[in-house]
Every structure is written in C-alpha cells, then in structure tokens.
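Structure, as structure tokens:
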Amino acid sequence: MRKLFLLVVIVMATITASAQEGIYLGGGISLWRNNDVDKTSFSITPDVGYNLSEKWAVGVELAYAHNGVEPKINGNAFALAPYARYSFYENKIVRLFLDMGFGFSTYKEKHAESVNGFEIGVKPGLAVKLNDNFSFITKVGFAGYRDDYYRNMNGNGFGVALDGENISIGIEYEF
C-alpha cells in the first residue's frame, strides 16, 4: 500500500508541475483529541481533479488516517477514492455538486491483521468561491454501501448517513 501511495503522490506532483486550466487541488485535515480515553485521531485527505466541462469533473481523493489510544492501540489507514463530480447548480459564488465514486482502504492496528474495505456511493457537496482560484468546499453526508471502509469500521451496510462523521470541510485551488 505504501508503494501505491508513493505512486499516487508522484502522479499528483507531475500533474501539478504541468498544470493547465481545469486542474484543481484540494483536500482537508482533521484532528480530534478525546481526553477521557486518551485518544488522538487525525486524517489528511488531499485530492486532485480535472474539470472536463462546466458540469463534469473527475478526480481522486487520497487519505491517511491515524487513531491512537495511548499507550496500547494505534491504527493507521490509507485510502484511494476516485470520483466523478456533477455540478447541478451554480451561480457566481455558490456551486452545488454530487461526488459519485468508490473508494478502497486498508486499516492496520498494532499487533493485529490489516482490514481491507471499500465504499461505493454519492456524497453531496457545496463549494463557495472565495476568489478566482480558491473555494471553500464541504461534503455533507453519504448515500451508498460500505464494507469495512476506514471511515466506518463497524462492518458493512448500505443507507444514508447525515451525521457528523460524514461531514468534510476543506479548501480547493483551481489552476
């Protein structure tokens, strides 16, 4: 999985170096500390995409997540999630979109077997244009199927989730 992650980083760097109009970079980070159980969690989720037209874009999200309960349990997850984005409403400032795609993840806790998972579904989103290049991005919810995916390690199932665990906030830069 590390080789795959390194390959994707190299591809992203190559795309960025030869950036043309229509390419965007984005992503988000999260950090959570639970003092009651001495648990620290964080994630880094960069993504890169290309605008095919005013309505359609394709992209891929990478993810690294860490969960740690000191001093015993530490877990790390990696994920790769390609998607197609359909923008169904846009004015000068706000854009509403749907990210439709699938993701593959692997999660490993210290002294335990790794768990591979996947998801397939739709994530509705909102982009607020801050200037010509930067936008504030949020994705709220998930509708689809998950099987041991790193964001929901409770097994498998399908449905609609609109809880706090399925909200992401980030920034996007368009070349």
Side-chain angles (χ1 to χ4, degrees), residues 1-2 4-5 7-9 11-12 15 22-32 34 39 41-67 75-90 94-109 112-129 135-174:
M1 189 66 183
R2 288 181 186 171
L4 177 64
F5 183 71
L7 176 66
V8 173
V9 169
V11 169
M12 285 177 53
I15 290 171
I23 292 177
Y24 61 88
L25 295 174
I29 59 173
S30 69
L31 174 64
W32 186 259
N34 184 335
K39 179 180 178 180
S41 302
F42 69 88
S43 68
I44 301 169
T45 56
D47 71 54
V48 61
Y50 182 76
N51 292 315
L52 300 171
S53 68
E54 289 184 17
K55 297 270 187 200
W56 287 97
V58 292
V60 63
E61 178 183 83
L62 303 173
Y64 169 74
H66 173 79
N67 289 317
N76 295 301
F78 295 94
L80 178 68
Y83 61 87
R85 177 174 291 173
Y86 177 70
S87 298
F88 58 91
Y89 171 80
E90 185 170 2
V94 175
R95 179 172 36 100
L96 301 175
F97 61 87
L98 297 173
D99 279 357
M100 301 161 282
F102 54 92
F104 301 99
S105 71
T106 184
Y107 179 79
K108 172 91 168 92
E109 282 188 358
E113 293 290 321
S114 63
V115 177
N116 296 319
F118 72 94
E119 75 172 2
I120 184 166
V122 177
K123 297 175 186 174
L126 165 78
V128 178
K129 188 175 261 194
S135 294
F136 168 80
I137 300 285
T138 183
K139 297 176 191 171
V140 181
F142 174 80
Y145 180 80
R146 285 183 171 153
D147 184 7
D148 292 331
Y149 197 64
Y150 84 100
R151 291 187 182 174
N152 182 23
M153 293 300 297
N154 299 330
N156 61 25
F158 63 92
V160 176
L162 296 173
D163 58 9
E165 295 292 320
N166 289 292
I167 297 174
S168 67
I169 297 172
I171 295 289
E172 186 175 273
Y173 179 78
E174 186 171 338

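Everything quoted here is computed from the prediction, not taken from an experiment.
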Pairs flagged by salt bridge (Lys or Arg N to Asp or Glu O under 4.0 Å) wherever residues 118-127 is involved - sequence neighbours left out: E119-K123, E119-R146
Close side-chain approach of Y64 to F42, heavy-atom, < 4.5 Å: yes
Atom pair CD1/CZ of I120 and F142 - distance to nearest 0.5 Å: 8.5 Å
Sidechain-backbone polar pair: S105 side chain, Y150 backbone, donor-acceptor under 3.5 Å: yes
Short N-O contact, R95 and E172, less than 4.0 angstrom: yes
Atom of G141, atom of P124 and distance for their closest heavy-atom approach: O-CD, 4.0 Å
E174/N51 under side-chain hydrogen bond (donor to acceptor under 3.5 Å, both in side chains): CA gap, chis, key distance, verdict: CA-CA 9 Å; E174 186 171 338; N51 292 315; 3.2 Å; yes
Result of checking T45, L80, V48 against L62 for side-chain contact (heavy atoms from CB on, under 4.5 Å): L80
Heavy-atom side-chain contact between F102 and P82 under 4.5 Å: yes
From CA spacing to verdict: ring pair (Phe, Tyr, Trp, His ring centres under 6.0 Å), Y86, W56: CA-CA 5 Å; Y86 177 70; W56 287 97; 4.9 Å; yes
Minimum heavy-atom distance between E90 and E54, given as atom pair plus value: OE1-O, 4.2 Å
Student check: side-chain heavy atoms of L126 and F97 closer than 4.5 Å: no
Interatomic distance, L31 atom CG to H66 atom NE2 [nearest 0.5 angstrom]: 10.5 Å
Stepwise ring pair (Phe, Tyr, Trp, His ring centres under 6.0 Å) check, F118 with F104: CA-CA 4 Å; F118 72 94; F104 301 99; 7.0 Å; no
Least distance between heavy atoms, T106 atom then N116 atom: OG1-OD1, 2.9 Å
Distance-minimising heavy-atom pair for Y145 and G157: CD1-O, 3.2 Å
Min side-chain heavy-atom separation N76-Y107 under 4.5 Å: no
Distance, nearest 0.5 Å, that separates CD of E61 from CG of D99: 8.5 Å
Nearest-0.5 Å distance, OG of residue S87 to CG of residue L98: 8.5 Å
L25 side, atom CG; I171 side, atom CD1 - distance, nearest 0.5 Å: 13.0 Å
Rounded distance (nearest 0.5 Å) linking atom CG of D47 with atom CD1 of I137: 8.5 Å
Closest non-hydrogen atom pair between S41 and N67, with its separation: OG-OD1, 2.8 Å
Set of residues satisfying ring-ring contact (aromatic ring centres under 6.0 Å, His included) with respect to Y173, sequence neighbours excluded: F134, F175
